[in-house]
Amino acid sequence: MAHRLRTVGMEFVDSAPLRLVFAAEVSAPADVVYRALAEDVTGWPAWFTAVTRAAPTDAGAGREVRLRGGVRFRETVLAAEPGERYAYRVDATNAPGLRALLEEWRLTPEGSGTRVRWTFAADGSGPFRLALGLGRAGLGRSFRDAMRRLDARLAGPAQ
């Protein structure tokens, strides 16, 4: 990894200089969605196409993730609340300009399915923040596509 990021806690979800929040609904119940997020980490590339590789580390207390384009993250899981919330902080990355990043996935029952809210809380250099702001629409499309794929995956035959 090129550099270590600033260590932030869960409060960063609300205090980050740049917060992108996306939401979508999936048909599966919250506990099933949670398992796909937190317990089937290696399955992420099957539904989140921006992710090319994901692997748990430290007996599930961390993750290593690779994205399209070669960006890599080493992460620490900060919240693992079955059926409710999954959050992790990026500790190291090769992405330029990034100073701190925390992602939170909130799950809320919605009818017979689940409302998934993804918060991307970040801090970085001016050019990084500008690029991320400009990339918001693309990140939103990537999230919505991921939720459609996850929905289809979870609706398929038992895993």
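These figures come from a predicted structure and were not determined experimentally. What's counted below: heavy atoms across the whole structure, side chains too, no hydrogens, waters or symmetry copies.
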Would you please name every residue forming a salt bridge (charged side-chain N to carboxylate O under 4.0 Å, His left out) with Arg144, sequence neighbours left out? none

Distance under 6.0 Å and angle within 45° of the ring axis: does Arg141 meet both against Phe22? no

Side-chain donor-acceptor distances from residues 115-131 under 3.5 Å, at least two apart:
unit_1: Trp118; atom_1: NE1; unit_2: Glu103; atom_2: OE1; d: 3.0
unit_1: Asp123; atom_1: OD2; unit_2: Arg6; atom_2: NH1; d: 3.1
unit_1: Ser125; atom_1: OG; unit_2: Phe128; atom_2: N; d: 3.3

All salt bridge (charged side-chain N to carboxylate O under 4.0 Å, His left out) counterparts of Arg149, not counting sequence neighbours: Asp145

So, are Glu64 and Arg72 salt-bridged, with charged N and O less than 4.0 Å apart? no

With the side chain counted from C-beta on, respond yes when Val65 and Tyr88 share a heavy-atom pair under 4.5 Å apart, and no when they do not. no

Taking the side chain as C-beta and beyond, is there a heavy-atom pair between Arg68 and Thr49 under 4.5 Å? yes

Counting heavy atoms not belonging to Arg19, are there more than 12 under 6.0 Å from its CZ? yes

Quick one, Leu154 and Trp47 - any side-chain contact, counting heavy atoms below 4.5 Å? no

Partner residues of Ser27 under the side chain to side chain donor-acceptor pair (under 3.5 Å) criterion, sequence neighbours left out: Asp151

Those residues that, when tested against Val77, pass side-chain contact (heavy atoms from CB on, under 4.5 Å) (two or more places apart): Arg63, Ala80, Tyr86

List, by chain and then residue number, the residues other than Val8 in its hydrophobic cluster (Ile/Leu/Val/Met/Phe/Trp/Tyr, side-chain heavy atoms under 4.5 Å); write none if there are no others. Met10, Phe12, Val13, Leu78, Leu102

Is the shortest side-chain heavy-atom distance between Pro45 and Val51 below 4.5 Å? yes

